[in-house]
Amino acid sequence: MNTQPLGLLVMAYGTPHSLDEVLPYYTDIRHGRPPSDEQLADLIRRYEAIGGVSPLAEITRRQAEGLAELLNADGGRPVRLYQGMKHTTPFISDAVEKMQEDGITEAIAIVLAPHYSTMSIETYHKQVRETAARLGGPAFRYIRDWHMEPRFLDVLTSRVQEALARCSDPQNAMVVFSAHSLPARILEMNDPYVDQLRESGDEIAKRLNLPHYMYAWQSAGRTHEPWLGPDILDVLSELREQGYREVVSCSQGFVADHLEVLYDIDIEAQARARDLGLHLVRTRQMNDDPAFLAGLRDAVRRAERETELIAP
Ligand SMILES: CC1=C(CCC(=O)O)c2cc3nc(cc4[nH]c(cc5[nH]c(cc1n2)c(C)c5CCC(=O)O)c(CCC(=O)O)c4C)C(CCC(=O)O)=C3C
Ligand SMILES: [Fe+2]
């Protein structure tokens, strides 16, 4: 057995550590083009509305450390943890550089988002591949997606069940599964994102025998090209017109409490629901729930057995 620790690269979107960092963060998201003053002010306003900074950095850290702890306790190959963010420090490239400096030769890469898209997960993997190629190491196994990981589905099922229990008439509530919208051109690219969201959502619906469920998109970018729809805000209006009084919102594309949940759902969608006279209940996010982290541990061990180790 290989006794050298396996490098565990846990990646996430990242969030500004303070309001001063919103400009460089937003510029990075926009591929180096700074936002207009108006766009910047609007994003700062949204961060201020959730308390000034997002809890995402702290939650990501607890998720990554909790996952490493589980892996180091399961009797399998010990891991050494490295964290890399897509849009803020420590960047993905910083983490891969550190692995190489530490003499890690074999590593595994996981992104804290369940569903694969060429416009999401693949962009993280590309940064890993490019940095490892530049440095000549380490070799990586890449976890593409983990939305069907059984223990993850167990937690998601219980989250929806728990939210339904908070409805006054669960049998007549609509469950809306949502994820971050992406530019609609992914539909012409054979991208699995939409199918994967349906695969995990349908599985939850089957397990709970849900009488009413559907899919919507949230947090679409503010650009001129078309994005995947329908938007969750429009869906709320339509559901009210169809006679629904209660909605469970399950942002299954995200695993932490962050801006897209705390602002886009808890503030923006809740305000729309209030205007419409709808009772909107959001499912709790995964955060650092040990049952969720056990699902990620299973995904890592599975990938160790089943995915190819790719030389730098
Ligand atoms: C697929 C996807 C995920 C899920 C998968 C994954 O996790 O990777 C995700 C997560 C997140 N997105 C986040 C934040 C933002 N995303 C933005 C903009 C964009 N996201 C996009 C995609 C995604 N984003 C896209 C295509 C854009 C348009 C710009 C572009 O074409 O590249 C903007 C700019 C302003 C705005 O549009 O609101 C912000 C502030 C935060 C952190 C929140 C916090 O700080 O708490 C998180 C977890
Ligand atoms: Fe985003």
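Numbering of ligands and ligand atoms starts at 1, following listing order.
Considering only non-hydrogen protein atoms, atom 31 (O) of ligand 1 sits nearest to H31 NE2, 4.4 Å. If you check which protein heavy atom lies closest to atom 40 (C) of ligand 1, you get L43 CD1, 3.6 Å. Given atom 33 (C) of ligand 1, the protein heavy atom at minimum distance is I29 CD1, 3.6 Å. Among protein heavy atoms, the minimum distance from atom 4 (C) of ligand 1 is reached at F254 CE2, 3.8 Å. Given atom 6 (C) of ligand 1, the protein heavy atom at minimum distance is Y124 OH, 3.5 Å. Among protein heavy atoms, atom 42 (C) of ligand 1 sits closest to Y25 OH, 3.4 Å.
The nearest N, O or S atom of Y13 is closer to the Fe ion (ligand 2) than 2.8 Å.
Polar contact with ligand 1: absent for Y26 (N/O pair, distance under 3.5 Å). Residue S54 places at least one N or O, backbone or side chain, under 3.5 Å from an N or O of ligand 1. Annotation: H258 places no N or O atom under 3.5 Å from an N or O atom of ligand 1; distance criterion only. Looking at A113 next to ligand 1, no N or O pair under 3.5 Å apart turns up. For Y47, a nitrogen or oxygen atom sits less than 3.5 Å from a nitrogen or oxygen atom of ligand 1, counting backbone and side chain alike. Not a single N or O atom of S120, backbone or side chain, sits closer than 3.5 Å to an N or O atom of ligand 1.
Residue L259 has at least one heavy-atom neighbour below 4.0 Å for each of these atoms of ligand 1: 43 (C), 44 (C), 46 (O).
At least one heavy atom of W227 lies less than 4.0 angstrom from ligand 1. Contact annotation: K86 has no heavy atom less than 4.0 Å from any atom of ligand 1. In this structure, R46 is part of the shell of residues with a heavy atom less than 4.0 angstrom from ligand 1.
Using a 4.0 Å cut-off between a side-chain N of Lys or Arg and a carboxylate O of Asp or Glu, D28 and R33 do not qualify as a salt bridge. Of the charged side-chain nitrogens involved, none lies within less than 4.0 Å of a carboxylate oxygen, so that E308 and R141 do not count as a salt-bridged pair. Remark: R129 engages E122 in a salt bridge, criterion side-chain N to carboxylate O under 4.0 Å. Between R166 and E162 no salt bridge is recorded (no basic side-chain N to carboxylate O distance below 4.0 Å). Under the 4.0 Å criterion applied to side-chain N and carboxylate O atoms, E268 and R46 are not assigned as salt-bridge partners. For R62 and E65, the salt-bridge test fails: no basic side-chain N is under 4.0 Å from an acidic carboxylate O. A salt bridge links E106 with R77: at least one charged nitrogen is closer than 4.0 Å to a carboxylate oxygen. Under the 4.0 Å criterion applied to side-chain N and carboxylate O atoms, D288 and R61 are not assigned as salt-bridge partners. A salt bridge links D154 with R207: the closest approach of a Lys/Arg side-chain nitrogen to an acidic carboxylate oxygen falls below 4.0 angstrom.
With distances taken over non-hydrogen atoms, the option nearest atom 17 (C) of ligand 1 out of Y13, Y193, Y116 is Y13. Nearest-heavy-atom check against atom 3 (C) of ligand 1 across H180, E260, M85, H87 picks out H180. For the residues R222, M11, Q39, the heavy atom positioned nearest atom 36 (C) of ligand 1 is part of R222.
A cation-pi arrangement is not found for K98 relative to Y82, the charged atom failing to lie both closer than 6.0 Å to the ring centre and inside a 45° cone about the ring normal.
With a 4.0 Å heavy-atom cut-off, ligand 1 is reached by no atom of M119. With a heavy-atom cut-off of 4.0 Å, R30 does not touch ligand 1 at all.
Using modelled atom types, one finds no donor on one side chain facing an acceptor on the other under 3.5 Å when comparing H115 with D145. In the model, Y116 has no side-chain atom that pairs as donor or acceptor with a side-chain atom of D191 under 3.5 Å.
Y142 and H125 have tilted rings, their planes meeting at an angle from 30° to 60° on a 0 to 90° scale.
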